[in-house]
Amino acid sequence: MSTTKPYKETLNLPVTRFDMKANLTVREPERQAKWREMDLYTKIRENRAGKTRRVLHDGPPYANGDIHMGHVLNKVLKDMVVRYLTLAGYDSPYVPGWDCHGLPIEHKVAKDLGSKIAGMDASEIRERCRVEALKWVDIQRKQFLRLGISGDWFNPYLTLDPRYESSIMDVLADLVAGGYVFRQLKPIHWDIHDRTALAEAELEYQDVTSPSVFVAFPIVAGVPTSFGPGEWSALIWTTTPWTLPANVAIAANEHLDYAGIRYTDPKTGATHQVILAADLAAKVMGLGGVSEYQEVARCKGRDLAGARYRHVFIDRESPIVMAQYVSAEDGTGLVHTAPGHGAEDYQTGQKYGLPTLSPVDDAGRFTDEAPAELVGKGVFQANPLVVEMVRSRGALFHEMPLHHSYPHGWRSKKPVIFRATHQWFISVEHNDLRKNTLAAIDQVTWLPSWGRSRIDAMVGNRPDWCISRQRNWGVPIPVLFNDQTGDHHLTAESVRFYRDLFRREGADAWFKKTAAELVPPDLNATRFPVESLRKGTDILDVWFESGSSHRAVLAQNFDLGYPAFMYLEGSDQHRGWFQSSILTAVGTTGRAPFETVLTHGFIVDEQGKKMAKTGGNAVSALKMTEQYGADVLRLYVASLDYADDIRMSERGIKEASESYRKIRNTFRYLLGNLEDYARFDPSTFDVTTLREIDLWALGQLNGVIRDVTASYDAFEFYKVYQRIYQFCAVDLSSFYLDVLKDRLYAELPDGPDRRAAQYVLARLHEVLTILLAPILPHTTDELWEFVPDREGKPASVHLAEWPEPDPRWEDATREARWTAIRSLRDVALTALEGMRKAKEIGSGQEASLEIMVPSDQAAGIDRSRLTTVLMVSEVTIVEADGLTAPIVKASKSPHPKCERCWNLRPTVGQDAEHPTLCDRCVRVIRALSSSPS
RNA sequence: CGGCCCGUAGCUUAACGGAAGAGCCCCCGGCUGAUAACCGGGAGGUGGCGGUUCGACUCCUCCCGGGCCGACCA
């Protein structure tokens with residue numbers, strides 16, 4: 001070997017097969033296929049068998065539609081939790097699930113069928129719903145898999161699975177046994193044209209003109225004494241006169257002012273006295289054409305509490321009650337209350353124990369419970385009749401048409417009504433369910449902590465839970481009726497009978513079999529003769545279904561264990577799944593089904609506005625995955641504090657993509673210098689060859705491990721991201737790795753100096769790869785294949801063990817020393833920048849530094865390696881008194897540049913054989929040429 | 001309208017009531033042996049008006065903007 005060969009050939013420049021270009025769109029699916037081939041999920045399970053269980057129980061997404069960013073956020077967060085727990089040594093199986101029943105699917109199927117649905121029975125419709133749901137399960141599964149979510153994807157839980165349906169019955173049976181389930185009248189939206197119940201989502205609002213009437217109900221008792229003698233009436237306003245027969249109360253707001261008005265009827269000249277909201281008196285009198293009136297007295301709403309009035313055309317006395325929703329916006333501030341015909345009226349009725357009257361049949365005609373004049377009449381036809389009845393009793397203050405928006409059926413396009421029907425409920429008061437649930441809530445860890453007050457308030461205020469729905473696509477409430485007597489049969493024993501039946505045949509059995517075929521063992525044949533037996537047609541609220549998953553998935557069928565370590569969903573689930581789950585769990589097991597509940601915010605757009613589901617400002621999850629790759633999306637999710645709302649934009653994803661490249665490049669650089677480091681063997685490595693800066697770097701890595709682990713333990717992934725990213729950018733890329741270049745490139749390839757550096761690089765690589773594995777499962781697994789071999793290295797990073805800080809590198813004194821060196825470096829860099837600006841130097845190696853250090857700090861500075869660490873030609877230290885901080889003077893180096901290592905050194909030119917090299921390079925070249933290779 | 005929550009540089013985020021810091025982006029420069037890289041430098045901020053305090057991003061009142069859930073539309 002001689003100078004004929006360029007010196008560059010003797011350098012150890014980075015070489016690696018690890019591509020700088022991520023090409024995630026191609027590589028990720030390949031890797032996912034590989035995971036499936038090697039059955040990685042099962043391997044992980046085997047690997048963690050016997051370890052402490054920590055189950056994150058999946059909240060089932062609705063099996064309908066392509067996934068959107070909300071799904072990405074939720075599933076990626078779950079995956080990061082599960083992957084971390086697994087790497088940290090827990091047995092953390094993840095069984096994904098889907099919510100398969102419910103209105104949206106049934107609605108979609110109904111729309112597709114159009115008029116053909118009329119001739120179909122429930123089983124046929126259900127079969128189509130099943131196909132629709134399973135179609136989306138399959139599609140969404142593919143989309144979740146594409147995101148790299150690890151789990152038992154081909155053995156998921158589905159709420160339409162017979163096993164699941166059976167477990168729902170098991171929960172229902174326990175609640176029936178506990179006495180929580182009862183049947184009661186409740187008003188629901190009813191389409192009188194289609195004779196069917198409608199859900200909120202099936203309503204369309206259209207403008208109609210209704211007769212609005214002011215009616216004076218004579219008060220018989222309880223008028224405040226300040227109002228003086230004489231007859232007083234409570235003046236109400238309604239746009240649905242036909243509901244007046246069901247009036248059982250008048251509601252006032254306790255805080256509002258009410259006035260007693262004495263007025264003269266402009267037509268008859270008679271004098272009347274009415275009570276109404278003080279602020280509305282003038283307006284109402286004006287509407288009624290009244291010019292002569294005076295306010296006689298005034299009181300607060302609460303002063304009217306307990307007063308009683310007589311119904312205008314029915315022989316009935318009813319109370320004036322207080323309701324917070326009553327306002328002085330419209331009407332009279334006194335609200336006609338018919339619990340059978342309005343949602344709020346119903347609530348008020350429940351509060352005051354009022355009867356729920358609803359003398360209307362399923363075609364919207366008055367039944368014989370209504371006044372004789374109305375029986376058989378349709379409710380809308382009855383409006384003028386009712387008005388006439390009021391007028392004839394002299395109680396009609398005023399009538400006028402009102403144009404307003406009114407709900408219509410989505411299919412019939414006809415106005416719908418509120419009609420009371422029998423519904424099933426779970427009582428939150430029975431057996432102190434509410435109190436017990438609040439106590440159970442207290443035992444749960446809520447993250448963020450305000451989750452507790454949120455759900456606390458919701459459970460504290462919620463009414464009884466209406467669990468029945470008048471639909472086909474769901475799990476039946478398996479009740480049998482005697483058609484003749486109206487008696488019903490629903491017992492713990494009968495429900496358990498159906499539980500066993502459904503386990504064998506699925507809930508379809510209820511729809512396919514006749515009532516006679518569904519007789520449970522405890523049915524009294526005398527009270528329920530077969531010939532008058534009828535099946536109930538209601539199904540369970542889907543929230544009851546998903547709320548039973550703690551039984552259907554945790555306690556039964558999947559061997560996961562009860563309760564779950566964690567539930568993790570969006571903050572809307574405090575009302576939804578968290579609540580339905582804890583209510584059913586407390587009602588059946590007395591405790592919460594989860595130890596920790598983690599909630600995340602909602603995806604909003606760049607301006608912080610709600611993200612529309614389709615079009616507009618929505619960022620497409622599928623398109624972004626396609627374009628940037630799953631790991632970039634995952635890094636983006638990881639970088640955000642999900643406790644708040646998440647501003648999502650393509651720009652943000654682009655920035656995540658930049659960060660991803662920085663991380664990838666840092667790893668690529670590590671690997672570029674490890675290509676010839678065949679075996680990473682910490683046990684035999686001679687640690688005394690490590691230099692000070694290496695020990696410092698390893699100490700920093702310890703700190704990273706500690707901080708990152710703590711952040712993962714708190715599920716604060718954005719802190720993981722920030723810590724690792726800044727470590728890569730600040731500590732490694734711009735400092736340690738930069739300083740290391742000279743040693744890695746120019747020293748003997750297998751000499752102790754370079755090997756020591758490589759040891760650190762290998763350690764950095766291995767540790768950072770594992771630390772990032774929960775966030776970047778594809779990239780880290782690819783990186784894992786490039787890790788230098790070591791004893792017992794697992795086949796995948798996802799089978800690795802979580803790293804721990806190495807106590808050998810802990811040294812607070814050293815860390816302090818390097819902190820000082822780095823601030824000195826900052827000063828030096830500023831000085832170098834000055835020279836660069838003045839065009840005196842380009843690279844820092846072209847400069848010499850004279851550093852003036854305060855005498856008392858001089859001892860703390862390791863001057864031996866400053867030239868290397870500051871990457872300059874030479875460094876002179878001058879001790880100076882009276883300084884508070886170091887001062888750096890930079891000048892152009894007088895030394896020649898070494899042709900091989902490009903450093904400017906005084907030793908260049910001293911060797912005759914290699915006149916263009918520094919002493920170090922001469923030494924290395926000699927060693928290389930004397931070696932056998 | 002009610003319950004819960006959020007608002008720090010263009011972006012993502014720090015700061016026991018004690019000097020508003022970091023990274024990215026951007027701009028300027030360097031290197032050309034991490035090169036669809038790498039290194040250095042610079043600019044840039046507490047949504048608003050008040051209050052408590054020696055001192056407020058931090059605590060309080062109100063306002064503005066936004067989110068989730070609920071109620072309203074008689």
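As the structure is a prediction and not an experimental result, all values here were calculated from the model. Every chain is numbered from 1, with letters handed out A, B, ... down the list of sequences.
- The side chain of A:Ser843 lies closest to B:C31, out of B:G41, B:C38, B:C31.
- No donor-acceptor contact under 3.5 Å links the side chain of A:Arg454 to the base of B:C69.
- Comparing B:U58 with B:G18, their P atoms sit 11 Å apart, to the nearest whole Å.
- The C1' atoms of B:A36 and B:G41 are separated by 24 Å, rounded to the nearest whole Å.
- Between A:Lys610 and the phosphate of B:C68, there is a side-chain N or O to OP1/OP2 separation shorter than 4.0 Å.
- The pair A:Glu658-A:Lys654 does not meet the salt-bridge criterion, since no charged nitrogen lies less than 4.0 angstrom from a carboxylate oxygen.
- Interatomic distance, A:Leu635 CG to A:Ile653 CD1, rounded to the nearest 0.5 Å: 11.5 Å.
- A donor N or O paired with an acceptor N or O is found under 3.5 Å between the base of B:G40 and the side-chain atoms of A:Glu833.
- Along RNA chain B, the nucleotide nearest to A:Arg668 and the one nearest to A:Gly601 differ in position, and the one closer to the 5' end is contacted by A:Arg668.
- Remark: the separation of the P atoms in B:A56 and B:G48 is 15 Å, to the nearest Å.
- When distances are taken from the side chain of A:Ala457 to each of B:C68, B:A36, B:G3, the shortest belongs to B:G3.
- Checking the phosphate oxygens (OP1, OP2) of B:C39, no side-chain nitrogen or oxygen of A:Lys741 falls inside 4.0 Å.
- Here B:G40 is the nucleotide among B:A34, B:G66, B:G40 with the atom lying nearest to any side-chain atom of A:Arg825.
- Spacing between B:G44 and B:U53 at atom C1', rounded to whole Å, works out to 30 Å.
- The gap from the C1' atom of B:U8 to that of B:U12 amounts to 12 Å, rounded to the nearest Å.
- Nearer to the 5' terminus of RNA chain B, by closest-nucleotide assignment, is the contact made by A:Glu658 (compared with the other of A:Trp902 and A:Glu658).
- Residues A:Arg754 and A:Asp676 are paired through a salt bridge, judged by an N-O separation under 4.0 Å between the basic side chain and the carboxylate.
- Looking at the side chain of A:Arg575, the nearest of the listed nucleotides B:A34, B:C69, B:G67 is B:C69.
- Minimum atom distance to the side chain of A:Glu344 is reached by B:C73, of the listed B:G66, B:C73, B:G23.
- Phosphate proximity of B:A34 to A:Tyr745: present, with a side-chain N or O under 4.0 Å from OP1 or OP2.
- Under a cutoff of 6.0 Å and an axis angle of 45°, A:Arg822 and A:Phe735 form a cation-pi pair.
- Side-chain atoms of A:Val604 lie closest to B:G67 of the nucleotides B:G67, B:G10, B:C5.
- Ion pair A:Asp641/A:Lys719 not flagged as a salt bridge, since none of the NZ, NE, NH1 or NH2 atoms sits closer than 4.0 Å to an Asp/Glu carboxylate oxygen.
- Comparing B:A36, B:C6, B:G40 by their nearest atom to the side chain of A:Asp644 picks out B:C6.
- A stacked arrangement is not assigned to A:Phe602 and the six-membered base ring of B:G67, the conditions of a centre distance below 5.5 Å and an interplanar angle below 30° not being jointly met.
- To the nearest whole angstrom, the two P atoms, one in B:G50 and one in B:C57, are 14 Å apart.
- For the OP1/OP2 pair of B:G23 and a distance below 4.0 Å, the side-chain nitrogens and oxygens of A:Lys719 include no atom meeting the criterion.
- Nucleotides B:U35 and B:G42 are separated by 28 Å at their P atoms, to the nearest Å.
- Regarding contacts with the backbone of B:G30, a side-chain N or O of A:Lys839 is found under 4.0 angstrom from either OP1 or OP2.
- You'll find a donor-acceptor pair under 3.5 Å spanning the side chain of A:Ser733 and the base of B:A34, going by distance alone.
- No side-chain N or O of A:Thr239 forms a donor-acceptor pair with one of A:Tyr406 less than 3.5 Å apart.
- Using atom C1' as the reference point in both B:A15 and B:A22, the two lie 11 Å apart (nearest Å).
- The existence of a salt bridge linking A:Asp738 and A:Lys741 is confirmed by a sub-4.0 Å separation between a basic side-chain nitrogen and an acidic carboxylate oxygen.
- The phosphate of B:G67 has neither OP1 nor OP2 within less than 4.0 Å of any side-chain N or O from A:Ser571.
- In this model, the phosphate group of B:C11 is not approached by any side-chain N or O of A:Tyr636 to a distance below 4.0 Å at OP1 or OP2.
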